[in-house]
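Letters A, B, ... mirror the listed sequences (proteins, then strands); counts begin at 1.
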Protein chains: 2
Amino acid sequence: MTAPDERKLTDMLRDVGLRPTRQRLALAGLLFAHGDRHVTAEELHREAAETGLSVSLATVYNTLNQFSDAGLLRQVITDGARTFYDTNTRDHYHFYAEEDGRLIDIPADQIDLGRLPPPPDGARLAGVDVIIRLRKAGA
Amino acid sequence: MTAPDERKLTDMLRDVGLRPTRQRLALAGLLFAHGDRHVTAEELHREAAETGLSVSLATVYNTLNQFSDAGLLRQVITDGARTFYDTNTRDHYHFYAEEDGRLIDIPADQIDLGRLPPPPDGARLAGVDVIIRLRKAGA
DNA sequence: ATTTGTGCAAATCGTTTGCATCTGA
DNA sequence: TCAGATGCAAACGATTTGCACAAAT
C-alpha cells in the first residue's frame, strides 16, 4: 500500500527480466505507487507527460504489454473500444460502468463461482473473466 | 430449430421496428436459420457473398448492430480484436479458445453465479458476462 | 412522396511495427 | 561493446460515417 521506492521498482523489473530503464521505472512508479489502478495506455501517457516524463505513446503501449506478459499487470477487456491494464493481478472480477467507462474491482470472495464446467477436450483453463455491466439506475 | 421461412423473418424484423429489406432478410436468414451461431461481421459478409448475396461490409456491420440494438443478437467481446455476434440471446456464458478464436456456449445452468455483489450507488445491473479462457492443454 | 436503407470510399480510433538512434549492463 | 530500448511516423485492422443513390411504406 505504501509507495514503492525506486530500488523496489528496479528489483521488480529485474525479477521479471526487464531492464530498469528510465521510462519503465517512471511508468512503473505511476502504476504501482498508489494502490490498485485501472489505466488505459492513453491515460498513462497523459499522466506521464503531466509529471514531466516524455515517453512516446508507442513506448507506453509496449511497456504495458511487456508488464502484462511479465505478470505485473492484467489486461481487462470491456467493450472492445479500449484495453484496460489492471495493477491488481490477484483473482478478482469487475463492474463496468458503460456510460463513463469506469472499471471497479470486485474481490474474488464476493462472487461464488462454484461448479465451473470442465474445459472441453484438450484444453486447459487459462482464466475466468467476469464483467458485470452497469447502466444508470433510471429507466 | 427449423429454418424460419421468409414470412417469419419478415415478422421478426417488423416486430422490432426494422424494415424487412432484401439484405436484412437474407442476413437474418443466414443468422437464424441454423440454430445458435457466433459470427463476426467478416464471416457473415463472406458467407453472404458465397450464397450469392452482394452486401457491402458496411451494411453487414450496420445490420448486425441494428439487430443487436433490437435484441435479436448479443455482442460478445473476447480479446478486443473482434466482436462476435451471438444469435443466442438467452442468459448464458462462454468458453473462448484463444488460439483458434472459437467461442463455445455455456448454458446458464452450468455456472452457478450465486451471490452477486449489489450494483454500486445509482447503477443498475445491465448484464453479466462470463468468459472462460482456454489454452491448449500442453505446458 | 417521404422516409429509411444501402453501397462505396474515406475517415476514425486504438494499437502495432519498422527502423534509425540511444542507452544501460 | 552491444543487446536491448526508445521514438517517431507509418502501417494496420476492425469498425464507423458521409453522402449520393435506391428501395420500402
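Salt bridge B:Arg37/B:Glu47: present, at least one basic N to carboxylate O contact under 4.0 Å. Using a 4.0 Å cut-off between charged nitrogen and carboxylate oxygen, A:Glu98 and A:Arg135 count as a salt-bridge pair. With respect to the salt-bridge test (charged N to carboxylate O, under 4.0 angstrom), the residues A:Asp121 and B:Lys136 do not qualify.
Contacts of A:Ser54 with the nucleic acid, taken as non-hydrogen atoms under 4.0 Å apart, involve only primed sugar atoms and P, OP1 or OP2. Counting non-hydrogen atoms under 4.0 angstrom, A:Thr83 reaches the backbone sugars and phosphates but no base.
Closest to the side chain of B:Arg14, from the set C:dT15, C:dG24, D:dT25, is D:dT25. Taking the side chain of A:Ser56 as heavy atoms from C-beta on, and the options C:dC8, D:dG7, D:dT15, the nearest nucleotide is D:dG7. Candidate nucleotides D:dG7, D:dA24, C:dT6 were compared by shortest atom distance to the side chain of B:Arg24, and C:dT6 ranks first. Taking the side chain of B:Ala58 as heavy atoms from C-beta on, and the options D:dA5, C:dA9, D:dA9, the nearest nucleotide is C:dA9. Ranking D:dT16, C:dA25, C:dG7 by closeness to the B:Asn65 side chain, first place goes to D:dT16. When each of D:dG7, C:dA25, C:dT6 is scored by its nearest atom to the side-chain atoms of A:Pro20, the top-ranked nucleotide is C:dA25. Which of D:dA5, D:dT15, C:dG14 sits closest to the side chain of B:Tyr61 comes down to D:dT15. Distances were taken from every side-chain heavy atom of B:Thr21 (C-beta onward) to each of C:dT15, C:dG5, C:dG7; the shortest belongs to C:dG5.
Tested against A:Thr83, the residues A:Thr40, A:Ile77, A:Val39 include a single side-chain contact (heavy atoms from CB on, under 4.5 Å) partner, A:Ile77. Here the rule is side-chain contact (heavy atoms from CB on, under 4.5 Å) with B:Asp86, and of B:Leu31, B:Val76, B:Leu73 only B:Val76 fits it.
Atom CD of B:Gln66 is separated from atom P of C:dG5 by 6 Å (rounded to the nearest Å). In this structure, B:Arg46 places its CZ atom 15 Å from C1' of D:dA14, rounding to the nearest Å. Counting to the nearest Å, the C1' atom of D:dA11 and the CG atom of A:Leu57 are 15 Å from each other. Here C:dT15 presents its P atom at 16 Å from CZ of B:Arg82, a figure rounded to the nearest Å. Rounded to an integer number of Å, the gap from B:Leu64 CG to D:dT16 P is 10 Å. For A:Phe84 and C:dT15, the CZ to C1' distance is 15 Å, given to the nearest whole Å. In this structure, CG of A:Leu25 is placed 13 Å from C1' of D:dA5, rounded to the nearest angstrom. Here C:dT6 presents its C1' atom at 12 Å from CG of B:Leu27, a figure rounded to the nearest Å.
A donor-acceptor contact under 3.5 Å is formed by the side chain of B:Arg19 with the base of C:dT3.
Only the P atoms considered, C:dA10 is 22 Å distant from C:dG14, to the nearest whole Å.
Here the shortest heavy-atom pairing between A:Gly71 and A:Thr89 reads O-CG2, 3.5 Å.
Looking at which nucleotide of DNA chain D each of B:Glu42 and A:Val55 is closest to, the 5′-most match is held by A:Val55.
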